[in-house]
**Student:** 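A single structure is presented below for examination.
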Amino acid sequence: MRLFSIYQILFDRYGQQHWWPGDNAFEIMVGAVLTQNTAWANVERAIDGLRRKQLLNAEGMAACSPEQLAQVIRPSGYFNIKAKRLQSLCHWLIGQGGVAALARYDDASLRQLLLSVHGIGPETADDILLYACQRPVFVIDAYTRRLFSRLALFQGDEAYDDMRLAVQEALSKNTVSSAERVPLFNEYHALIVRHAKIACRKKSPRCDQCCLRVLCPSASVLSSNVV
DNA sequence: GTCCAGGGTTCGT
DNA sequence: ACGAACCATGGA
């Protein structure tokens with residue numbers, strides 16, 4: 001209940017974020033790997049480079065040498081390890097029969113498969129599930145932990161899946177179907193990232209801005225500990 | 001010059 | 001199970 005109120009506050013303040021930037025599912029998957037611990041502006045340069053070199057497809061990227069691929073994605077940082085991660089993703093996708101063939105898996109099965117790919121951890125897997133595959137999975141990142149712990153909804157150091165499932169469960173009460181959850185989870189995560197860019201970085205201060213009190217001064221929803 | 005960005009793997013304890 | 005080192009560019 002409170003989680004949904006926070007979503008509404010964020011949406012009223014920032015509006016639609018139009019995530020994920022990208023023309024197709026494959027490009028979104030590539031962006032999910034490239035943005036690991038990396039500013040998005042640097043990811044865009046890497047993706048532009050891939051497009052110029054005609055490498056923005058699974059077959060081309062898989063056939064490329066790791067060294068050459070690394071040079072193309074250089075602006076995104078960690079280029080040597082990300083080149084290998086992109087290729088393990090591409091080999092996996094080709095083995096599955098392409099992006100469209102992923103539709104045959106249920107949400108939990110596809111999540112397990114993605115996590116088995118080298119270089120894809122919980123957050124990258126959930127980015128792919130939600131934004132590329134349109135699955136109702138809530139993405140937990142450092143910003144999410146920071147905001148929800150500041151609002152006393154979570155302690156902040158919960159295990160990834162504990163937090164993810166708790167958020168999904170809480171928001172399921174505001175939605176009746178998966179078709180409603182996908183756009184809600186999509187927008188919610190994007191809004192948290194958007195809000196994080198104007199909130200203070202530190203953990204302790206809890207200023208009115210990062211606690212959303214500026215956004216909703218009389219919000220009683222922000223003063224309880226119950227999710 | 002320092003900090004950090006839309007994380008994950010590996011290797012000690 | 002948990003922490004630390006490692007990966008590396010570019011903007012503030």
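Chain letters run A, B, ... following the sequence lines, proteins first, then strands; residues in each count from 1.
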**Student:** Determine whether a donor-acceptor pair (N or O, by modelled atom type, separation under 3.5 Å) exists between the side chain of A/Gln17 and the backbone of A/Gly15.
**Tutor:** yes

**Student:** Calculate the interatomic distance between A/Asp141 atom CG and B/dC4 atom P; express it in whole Å.
**Tutor:** 16 Å

**Student:** Does any non-hydrogen side-chain atom of A/Pro136 lie less than 4.5 Å from one of A/Asp107?
**Tutor:** yes

**Student:** Charged N to carboxylate O under 4.0 angstrom, A/Asp161 versus A/Arg164?
**Tutor:** yes

**Student:** Hey, where on DNA chain C does chain A first and last touch, going 5' to 3'? Cut-off is any atom under 4.0 Å from a heavy atom.
**Tutor:** C/dC7 to C/dG11

**Student:** Is a side-chain donor or acceptor of A/Thr38 paired with a backbone partner of A/Ser76 at a separation under 3.5 angstrom?
**Tutor:** yes

**Student:** Can you tell me the distance, in whole Å, between the CG atom of A/Leu86 and the C1' atom of B/dG7?
**Tutor:** 14 Å

**Student:** Mind checking what makes ring pair (Phe, Tyr, Trp, His ring centres under 6.0 Å) contact with A/Trp92, not counting sequence neighbours?
**Tutor:** none

**Student:** Please report the distance, rounded to the nearest Å, between CG in A/Leu89 and P in B/dG8.
**Tutor:** 13 Å

**Student:** Without decimals, in angstroms, what is the distance between A/Leu114 CG and B/dG7 P?
**Tutor:** 17 Å

**Student:** Using whole Å, report how far CG of A/Asn37 lies from P of B/dC3.
**Tutor:** 15 Å

**Student:** Whole angstrom is fine here: how far is it from CZ in A/Arg194 over to C1' in B/dG6?
**Tutor:** 14 Å

**Student:** Near DNA chain C, under 4.0 Å by heavy atom, which residues of residues 67-75 of chain A?
**Tutor:** A/Arg74, A/Pro75

**Student:** B/dG6 P sits how many Å from A/Leu147 CG, rounded?
**Tutor:** 15 Å

**Student:** Please give me every residue in residues 124-132 of chain A whose heavy atoms get under 4.0 Å of an atom in DNA chain B, ordered by residue number.
**Tutor:** A/Thr124

**Student:** Please give, in whole Å, the distance from B/dG6 P to A/Ile47 CD1?
**Tutor:** 14 Å

**Student:** How about A/Val193 and A/Trp19: do any of their side-chain heavy atoms sit closer than 4.5 Å?
**Tutor:** yes

**Student:** Would you say the side chains of A/Asp127 and A/Thr124 form a donor-acceptor pair under 3.5 Å?
**Tutor:** no

**Student:** Which residues, if any, of residues 77-84 of chain A bring a heavy atom under 4.0 Å of DNA chain C?
**Tutor:** A/Gly77, A/Tyr78, A/Phe79, A/Asn80, A/Ile81

**Student:** Compare all side-chain heavy atoms of A/Trp20 with those of A/Thr35 and state whether any distance is below 4.5 angstrom.
**Tutor:** yes

**Student:** Is A/Arg111 salt-bridged to A/Asp126, going by a charged N under 4.0 Å from an acidic O?
**Tutor:** yes

**Student:** Give the C-alpha distance, both sets of side-chain angles, the deciding distance and a yes or no for side chain to side chain contact (heavy atoms under 4.5 Å, CB included) between A/Glu169 and A/Ser172.
**Tutor:** CA-CA 5 Å; A/Glu169 172 65 19; A/Ser172 71; 4.1 Å; yes

**Student:** Hey, does the side chain of A/Arg145 reach the backbone of A/Glu158 with a donor-acceptor pair shorter than 3.5 angstrom?
**Tutor:** yes

**Student:** Got a donor-acceptor contact below 3.5 angstrom from the A/Ser88 side chain to the A/His118 backbone?
**Tutor:** yes

**Student:** Give me the distances for all protein-to-nucleotides 9-13 of chain B N/O pairs that come in under 3.5 Å?
**Tutor:**
{"from": "B/dT9", "atom 1": "OP1", "to": "A/Gly119", "atom 2": "N", "distance (Å)": "3.0"}

**Student:** Would you say that A/Arg51 contacts A/Glu27 through its side chain, given a criterion of any heavy-atom pair below 4.5 Å between the two side chains?
**Tutor:** yes

**Student:** How long is the straight-line distance from CG of A/Leu147 back to CG of A/Leu151, given to the nearest 0.5 Å?
**Tutor:** 4.5 Å

**Student:** Do we see A/Trp40 stacking on the base of B/dG6, given a limit of 5.5 Å between centres and 30° between planes?
**Tutor:** yes

**Student:** Considering only heavy atoms from C-beta outward, does the side chain of A/Phe4 approach that of A/Lys173 to under 4.5 Å?
**Tutor:** no

**Student:** Would you say the side chain of A/Ile192 lies within less than 4.5 Å of the side chain of A/Phe148, judging by non-hydrogen atoms?
**Tutor:** yes

